[in-house]
Amino acid sequence: SQQGEEDPQALSIQEGENATMNCSYKTSINNLQWYRQNSGRGLVHLILIRSNEREKHSGRLRVTLDTSKKSSSLLITASRAADTASYFCAPVGSARQLTFGSGTQLTVLP
Amino acid sequence: EPEVTQTPSHQVTQMGQEVILRCVPISNHLYFYWYRQILGQKVEFLVSFYNNEISEKSEIFDDQFSVERPDGSNFTLKIRSTKLEDSAMYFCASTIAGQTYEQYFGPGTRLTVT
């Protein structure tokens with residue numbers, strides 16, 4: 001299975017703090033993608049990191065990838081209340097479909 | 001910015017009825033997907049579609065389900081005889097190419113089977 005497992009399951013921080021979420025997976029990958037889902041809404045793609053990349057930035061997001069440890073992390077800097085959502089990693093190998101875990105539920109308190 | 005759209009946003013149907021969920025993927029995308037999310041559970045893959053045929057499907061996607069791209073813009077999911085357990089959010093997604101690119105998701109259709 002190319003499913004990722006996010007950790008922690010839930011994270012609660014104050015506005016302005018940084019939030020770090022981790023992802024572990026088991027298979028070899030082509031890339032790893034991070035998505036956000038607001039309650040009851042569709043998933044929004046955040047960032048894609050390829051297997052030959054170690055770090056990638058997009059705005060307030062920083063993603064790292066360690067293929068030797070089969071792990072990735074997502075850092076959201078200077079968090080805002082609007083960042084409150086569930087975050088999912090999706091390791092992508094040979095299969096085209098995405099397989100989602102249970103996610104990290106991030107709550108940013110104003 | 002182009003986006004994936006889905007209609008209806010909410011569909012209520014009686015058990016045993018047929019439903020068709022509609023999606024308009026981003027216009028230059030080539031791969032299309034359906035996922036579902038039962039309330040409080042994970043997002044689950046149903047089916048992927050490329051070049052007018054199913055390329056992959058999950059165990060969930062049994063004979064009660066079918067997909068179609070009836071014209072150049074729409075992508076539909078049909079459930080022939082709905083069951084109570086089909087109640088879920090159904091998400092359509094599309095991507096410009098294969099697994100090396102991100103998927104763009106629609107806002108979902110909430111299907112309630114009574």
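Proteins come first, then strands; the chains are lettered A, B, ... in the order of their sequence lines, and each starts at number 1. We use all heavy atoms of the structure for the numbers below, so side chains are in, but hydrogens, waters and symmetry mates are not.
- Considering A/Arg36, A/Gln9, A/Glu6, A/Gln105 in turn, A/Gln105 is the only one that fulfils the side chain to side chain donor-acceptor pair (under 3.5 Å) rule with A/Ser86.
- Neither the backbone nor the side chain of B/Ser58 comes within less than 4.5 Å of any heavy atom in chain A.
- Aromatic rings of A/Tyr35 and B/Phe105 (six-membered ring for Trp) have centroids within the 6.0 Å cut-off, being under it.
- Contacts of B/Gln6 with chain A are absent, with no heavy-atom separation under 4.5 Å from either backbone or side chain.
- When heavy atoms are compared at a cutoff of 4.5 Å, B/Gln103 approaches chain A by way of both its backbone and its side chain.
- With a 4.5 angstrom heavy-atom cutoff, B/Tyr104 does not touch chain A via any of its atoms.
- With A/Asn38 contributing its side chain and A/Arg41 its backbone, the two residues share no donor-acceptor pair below 3.5 Å.
- Between B/Val24 and B/Thr7, the closest side-chain pair of non-hydrogen atoms is not below 4.5 Å.
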